[in-house]
Amino acid sequence: MTNSISEVVDADVILVCGSNTTETHPVIGAQIRQAVNRGAKLIVADPREIPLAEEAEVFLPIRPGTNVALLNGMMNVIINEGLLDKEYVENRTEGFDELWEIVKEYTADKVGMICGIDPEDLKKAARLYATAERAPIFYAMGITQHTTGTAGVMSTANLALLCGKVGKYGCGVNPLRGQNNVQGACDMGCLPGDYTGYQKVANPEARAKFEAFWGVPLPSKPGLTITEILSGAETGDIRCLYIMGENPMVSDANLHHVEQALRRCELLIVQDIFLTETAELADVVLPAACYAEKEGTFTNTERRVQRIRAAVDAPGESREDWIILSEIMSRLGYENSFTSPREILEEIAQITPSYGGFSYDRLEKEQPQWPCPSPEHPGTPILHTAKFSRGERAIFKPSPYMPAAEQPDEHYPFILTTGRILYQYHTRTMTGKSDDINRIAGRSFVEIHPTDAAKKGIAQGDQVKVASRRGEVIVEARVTERVSEGVIFMPFHFAEAPANRLTNNVVDPISKIPEYKVCSAQVQAL
Amino acid sequence: MLNLVVDGQPVQVEKGSTILQACEKMGIEVPTLCYLKHLAPEGACRICAVEVQGVKNLQFACAALCSEGMEVTTMNERIAGFRRIVIELLLANHDADCFSCPAVGSCELYKLAMDYGIEKSRFKRTKKPRPKDETSEFFNYDPAKCILCRRCVRTCNEIQSNRTLSLRDRGVRTSVSLPFGKVFKDSSCVSCGNCVSACPTGALTTKASKHYRSWELTRTRTTCPYCGVGCQMDLLVKEGKVVGVEPADGPANPGILCVKGKFAYRFIGHPDRLKTPLIRKDGVLSPASWDQALDYVAEGIKRIKEESGPQAIAGFASARATNEDNYVFMKMMRAAIGTNNVDHCARL
Amino acid sequence: MMEQVRVVLDHAGDISPISSEEYLRIGGYQGLKKALEATETIIDTIKASGLRGRGGAGFPTGLKLSFTANTQADQKYIVCNADEGEPGTHKDRIIMVEIPHRLFEGMAIAAVAVGASQGYIYLRAEYPYVATILEQALADARRQGLIGSNIMGSGVDFDIQLFIGAGSYVCGEETALLDSMEGKRGEPRFKPPFPGVQGLWGRPTIINNVETLSNLPAIMVKGPKWFRSMGTERCPGTKLFTLCGNIAHPGVYEFPVGTTIRTLFEEVGGGCPRGKKLMAVQTGGASGNIIPASLLDTPMDIDACAEAGATFGAGDLMFMDEDSCLLDVLENLTEFFEEESCGKCTPCREGNTQLLRLIREFRNGTAQEGDLNLLLELSNVMRGGCLCGLGQSSPNPILSVLRFYPDLFVENSYRKGDLAYA
Ligand SMILES: Cc1cc2nc3c(=O)[nH]c(=O)nc-3n(C[C@H](O)[C@H](O)[C@H](O)COP(=O)(O)O)c2cc1C
Ligand code: SF4
Ligand code: SF4
Ligand code: SF4
């Protein structure tokens with residue numbers, strides 16, 4: 001997030017796009033609603049009529065996969081009606097002409113057709129957003145999990161820049177990260193091309209710095225992404241895979257392919273707190289301590305570093321991840337010097353400019369947001385207030401709309417979109433252990449519009465078969481107008497009927513994120 | 001800045017501060033029941049009565065604003081007598097069967113009664129409580145213990161902003177209820193439990209709280225392990241087991257949690273947790289010692305690295321592990337193994 | 001019967017309540033015209049008149065207007081409190097039924113004074129036929145350009161809308177009234193902030209009683225000096241007095257403030273029916289003090305009432321003859337408050353129900369040692385500790401009876417020794 005969570009209560013207009021916030025980030029959802037209670041106006045763009053849509057001033061039930069068209073359309077209206085922040089665009093951005101070159105095509109009428117919405121609603125949304133003093137954009141996987149995810153992300157930024165809403169209180173472009181520490185894992189350099197704090201592997205200076213600091217030579221070639229690693233495993237190029245605390249056997253797209261890849265791996269090491277679907281395929285399983293049994297830090301979606309603390313002992317012989325990893329490193333001939341997470345953060349702070357100001361002592365008293373380069377630095381609640389990471393000016397990076405990789409056809413006439421629900425989390429390794437939660441939301445389902453259900457002879461609660469080119473699952477039908485005609489929705493949490501057996505593992509060319517949010521499917525009554 | 005005197009001590013506060021805020025600043029405790037830090041003062045329970053010199057009536061600290069030169073007294077016989085009547089009034093229609101109450105030890109009404117030396121109210125019960133609602137999976141509601149402080153209702157409506165709880169009827173018949181006579185189970189309740197966390201008495205209690213008394217607990221401040229909001233919370237631990245969670249006031253969470261943070265903690269000490277390393281032998285995962293397992297891993301990695309180079313090895317770090325764990329993981333992949341094939345499910 | 005002094009009710013009943021033309025014919029809307037011509041001086045004029053609120057609290061009206069006039073806001077409101085929930089009272093209804101244009105004119109004057117463009121009349125739910133009259137009269141005034149946009153060709157906009165109340169007594173309390181208008185459960189708010197600064201939807205809002213507002217036109221036309229020629233020094237003008245209970249001629253009568261209760265009882269009301277003797281009078285409404293017949297010479301004036309132990313309130317007088325039982329009366333009154341408490345603050349919600357229980361114990365002769373003490377302790381807590389006027393004043397009848405009839409509680413109580421506490 002460019003801005004802080006707590007700012008949302010002061011917003012005048014809030015644009016929520018591709019985020020079912022009250023279910024996936026409930027405490028932010030609650031704060032959005034607080035803002036609405038105070039009179040803020042809400043714009044919601046989502047293929048499903050999510051709970052926030054009920055409170056929206058404008059609800060845009062867009063066809064899945066059409067975010068870029070929507071955002072381009074809003075910009076088209078804003079520029080046409082002169083609602084852009086001319087001064088900001090002039091002083092702080094570059095590439096306006098290129099932007100106009102692309103968005104000029106996206107008239108309200110055309111976008112209405114592409115997205116399946118009323119052009120008047122689009123105009124209303126554009127005007128509301130552009131003319132508001134404080135207007136944050138919130139988005140989540142509904143923007144990113146597409147083959148055009150990067151274009152979607154860029155387009156949200158374009159929109160905010162166009163209206164001068166970056167670097168200002170109560171505004172910004174605010175992606176909501178799905179898992180508790182995705183932000184931290186990225187910051188820590190668990191990315192094939194980045195060391196900590198986004199210092200680039202490809203940058204010789206950065207590499208030299210890490211080599212000197214760690215005292216070993218480092219590979220210069222950026223590594224492979226998850227999707228590439230799994231493909232590599234399938235072809236035999238990747239022979240050993242070490243998985244710490246992830247469950248791709250439920251979470252990744254096209255599970256059939258994931259399973260094949262993992263089975264082909266010669267040495268599959270899984271380190272986790274439970275024997276997950278993935279661990280069941282492993283050659284070695286290493287038992288780890290969970291968050292309640294150890295010291296450490298998480299970085300939340302607003303870049304805030306916060307402590308976790310040990311409350312209970314880890315069960316049996318399970319150990320903290322860093323201890324297990326250090327043991328292995330030492331067996332591989334590399335000795336770490338640290339003896340506690342406190343010392344690890346010290347090392348991170350030394351080598352990571354944006355984390356330079358963090359230490360366990362400081363985090364007892366305050367929890368600043370990075371960039372926080374020194375112990376004296378107060379942290380950065382709002383990014384880009386005076387400068388952008390690349391310099392004085394931000395560049396507009398416009399993209400044309402491109403349809404999703406898979407389009408409905410006569411065999412697979414529905415668009416399947418996936419997501420999360422309030423009561424479950426991710427692959428349920430954790431939430432699924434609570435009986436009370438499972439009694440409320442223990443089984444998977446597919447949402448289908450009443451008209452489609454009637455056509456297919458499906459009634460509320462029926463078991464139905466949902467199939468895509470990659471596989472099929474059997475789930476309970478929920479007949480509801482939350483989804484539009486031609487669209488079906490499934491949560492991805494449930495290993496018994498995994499939505500990701502159906503999803504398409506075709507990825508965005510830049511971010512490598514699979515298109516979880518759109519694939520073609522068919523539904524049949526059993 | 002305003003200068004005032006509270007209980008004979010001078011204090012400076014910002015303009016717009018309430019008397020309660022001034023007292024908090026000085027570490028002077030003034031009892032409250034309806035006060036919620038994140039919301040405008042309700043001024044309804046009247047327990048925070050204090051005296052302001054030159055003002056005839058008692059003033060209510062949670063809502064009364066400080067003014068320059070004000071002299072405040074937070075305790076004297078008049079104030080104590082006033083508060084005693086308020087407590088006695090609340091006790092009259094409160095089922096004080098503390099012996100079997102899950103809130104015993106943390107009940108604010110009980111504490112007030114003890115602090116003001118009230119063993120029994122001189123008033124008598126005048127109303128029949130409404131029936132209990134135990135239909136939520138996570139908590140129970142017992143109207144016979146409700147003191148109508150409204151913290152739950154305001155938390156649900158104004159902080160959680162879910163509008164599930166409301167007040168029904170008026171006067172002494174007022175009760176906290178769900179619209180249309182619904183029960184929790186078939187209402188719009190999202191099970192965040194924030195009303196329960198807000199309740200000062202045993203009226204709203206988690207089902208789990210039957211199994212612990214507050215004095216048996218230790219509390220550990222930590223960060224929620226679920227979504228990216230990063231809510232701050234306290235783990236409640238009894239005899240080495242996490243038995244509950246309470247919201248803390250974090251920069252990202254104004255004293256609230258969602259159902260996952262509040263109630264999905266059972267996995268922590270779950271019997272299915274992995275307790276020993278496992279190595280696959282003859283197709284089955286079998287228990288092994290740490291040394292065996294670590295050697296097995298290290299040997300395997302070394303062998304493959306020798307045969308196919310470090311590029312044949314890859315690792316998935318975790319969007320759920322700590323920064324420290326992830327850092328060490330990434331360092332292992334790069335410095336100890338020599339590959340940049342490290343990624344995690346950043347894309348989910 | 002004595003001749004009334006008609007200011008608020010001048011010409012009431014003589015003309016059609018709907019027709020603005022008829023009201024104009026008797027000199028109506030001249031006060032507004034003057035106000036529009038001399039906007040700056042309206043508040044000074046009202047201040048100089050010494051007019052005080054007629055809804056019960058007696059707050060100086062000019063001062064109230066000046067607070068709102070001095071608060072900056074994008075929007076301000078005038079709300080007329082026509083909730084009239086006091087049992088037995090219908091003085092506001094008479095104004096609205098017989099001469100509503102005077103009220104509209106008064107509201108418009110107040111609006112011009114503070115810079116409000118929207119007014120509301122919050123009308124008691126039990127007055128549906130009054131609503132019909134008001135709607136017709138408003139429509140007529142709008143047609144004549146007396147309210148709406150560009151009133152009287154002045155370029156000033158001011159419109160009035162009717163709002164039907166929520167049907168509870170406490171909604172007459174000004175902040176509960178605002179909550180009720182905002183669609184919430186009508187409950188009093190903590191003050192400050194006062195409505196004059198932060199009222200309806202957070203905007204500065206003037207709330208005045210029907211009678212108060214209906215005084216403004218004459219003050220504007222005839223001036224403060226004329227107004228001060230009636231009533232008392234600290235509370236000039238006339239008042240609508242409601243006479244009810246055991247009285248030969250119950251009704252609403254307009255007389256100068258300061259007229260004695262005896263005059264109202266004997267010369268206006270014609271004394272108790274059937275030649276019964278008067279025992280006591282409840283002054284100022286359901287939460288007013290009950291005084292014995294010996295205090296009949298008390299003038300109905302805010303200060304004089306306070307001094308004598310009576311209540312001015314909204315000018316209600318309920319007469320009780322020799323056959324009345326004061327404990328029954330107290331029980332009825334306390335039942336009313338128990339019923340009407342909104343339930344927001346502890347002392348009122350829990351206090352009135354306990355007051356009622358205790359009164360019943362005394363009436364039934366089952367009171368225990370300590371009950372009288374408890375009754376007093378509780379009453380005092382409620383008076384100083386309730387959030388709004390309802391709870392603060394609900395013990396008044398009890399306390400006044402304890403004061404003027406100390407033997408009553410002893411005779412009926414279980415142990416006579418309790419008298420010591422009174
Ligand atoms: C419980 C309660 C009920 C009230 N009911 C009324 C009412 O029905 N009409 C009214 O004018 N004022 C009523 N008031 C007084 C109002 O709060 C307020 O003081 C009044 O409307 C101010 O107008 P005034 O200054 O013109 O008297 C009530 C007050 C309380 C505490
Ligand atoms: S249930 Fe608890 S929080 Fe809610 S009003 Fe009653 S006592 Fe207060
Ligand atoms: S309590 Fe809920 S909203 Fe807060 S971090 Fe946990 S999962 Fe997210
Ligand atoms: S005094 Fe009574 S009516 Fe007034 S706020 Fe308190 S409970 Fe409500």
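Within every chain, numbering begins at 1; the chains are lettered A, B, ... in the order of the sequence lines, protein sequences first and strands thereafter.
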Enquirer: With a 4.5 angstrom heavy-atom cut-off, which part of I229(A) approaches chain B: side chain, backbone, both or neither?
Expert: side chain
Enquirer: Tell me, for A140(A) versus chain B, whether the close heavy atoms (under 4.5 Å) come from the side chain, the backbone, both or neither.
Expert: neither
Enquirer: Centre of W290(B)'s six-membered ring, under 6.0 Å away, within 45 degrees of the axis: is that where NZ or CZ of R319(A) sits?
Expert: yes
Enquirer: At a 4.5 Å cut-off on heavy atoms, which part of V285(A) comes close to chain B: side chain, backbone, both, or neither?
Expert: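 Both backbone and side chain.
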Enquirer: What part of A279(A) is in contact with chain B, defined as an atom under 4.5 angstrom from a non-hydrogen atom: side chain, backbone, both or neither?
Expert: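 Interface part for A279(A): backbone (N, CA, C, O).
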Enquirer: Check each atom of I269(A) against the heavy atoms of chain B and say whether the ones under 4.5 Å are side chain, backbone, both or neither.
Expert: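 Interface part for I269(A): side chain.
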Enquirer: Quick one: what part of Y242(A) sits under 4.5 Å from any heavy atom of chain B, side chain, backbone, both or neither?
Expert: both
Enquirer: How about F329(B) and F316(B): are their ring centroids closer than 6.0 Å?
Expert: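 No.
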Enquirer: Using a distance-only test with no angle check, is there a side-chain donor-acceptor pair under 3.5 angstrom linking Q306(A) and T297(A)?
Expert: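 The answer is no; no qualifying pair exists.
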Enquirer: Of the backbone (N, CA, C, O) and the side chain (C-beta and beyond), which part of P341(A) lies under 4.5 Å from a heavy atom of chain B, both, or neither?
Expert: both
Enquirer: Between K294(A) and chain B, which part of the residue has a heavy atom less than 4.5 Å away: side chain, backbone, both or neither?
Expert: side chain
Enquirer: Which bit of E55(A) is near chain B, if near means a heavy-atom gap under 4.5 Å: side chain, backbone, both or neither?
Expert: side chain
Enquirer: Is E228(A) salt-bridged to K512(A), cutoff N-O under 4.0 Å?
Expert: yes
Enquirer: Is any side-chain heavy atom of M329(A) less than 4.5 Å from a side-chain heavy atom of L332(A)?
Expert: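 No. Closest side-chain heavy atoms not under 4.5 Å.
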Enquirer: Which residue out of P277(B), G300(B), A312(B) racks up the most heavy-atom pairs below 4.5 Å with chain A?
Expert: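 Looking at each option in turn, the highest pair count goes to A312(B).
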Enquirer: Name the region of R307(A), side chain, backbone, both or neither, that has any atom closer than 4.5 Å to a heavy atom of chain B.
Expert: backbone
Enquirer: Do Y141(B) and E134(B) get their side chains close enough for a donor-acceptor pair, meaning under 3.5 Å?
Expert: no
Enquirer: Sort out for me which of M332(B), R320(B), K207(B) touches chain A most, counting heavy-atom pairs under 4.5 Å.
Expert: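 Highest number of pairs under 4.5 Å: R320(B).
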Enquirer: Using non-hydrogen atoms and a 4.5 Å limit, figure out which bit of T24(A) sits close to chain B: side chain, backbone, both or neither.
Expert: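 Answer is backbone: N, CA, C or O of T24(A) sit under 4.5 Å from chain B.
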Enquirer: Could you tell me if the side chain of H344(B) sits less than 4.5 Å from the side chain of C186(A), heavy atoms only?
Expert: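 SC-SC contact between C186(A) and H344(B) confirmed.
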Enquirer: Quiz question: by atom type and distance under 3.5 Å, do the side chains of T155(B) and Q160(B) form a donor-acceptor pair?
Expert: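 No.
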Enquirer: Among P287(A), G223(A), A185(A), which residue forms the greatest number of heavy-atom pairs with chain B at distances under 4.5 Å?
Expert: P287(A)
Enquirer: Go through the atoms of Y195(A) and report whether side chain, backbone, both or neither lie under 4.5 Å from a heavy atom of chain B.
Expert: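 Both parts, backbone and side chain.
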Enquirer: Using the ring centroid of each side chain, check whether F358(A) and Y355(A) are separated by less than 6.0 Å.
Expert: yes
Enquirer: Side chain, backbone, both or neither: which part of E293(A) has a non-hydrogen atom closer than 4.5 Å to chain B?
Expert: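 Only the side chain of E293(A) comes within 4.5 Å of chain B.
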Enquirer: What part of L268(A) gets within 4.5 angstrom of chain B, counting heavy atoms only: side chain, backbone, both, or neither?
Expert: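 Answer is neither: L268(A) stays 4.5 Å or more from chain B.
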Enquirer: Between T278(A) and N247(A), does any side-chain donor sit less than 3.5 Å from a side-chain acceptor?
Expert: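 Yes, because at least one side-chain N or O of T278(A) sits under 3.5 Å from a partner of the opposite role on N247(A).
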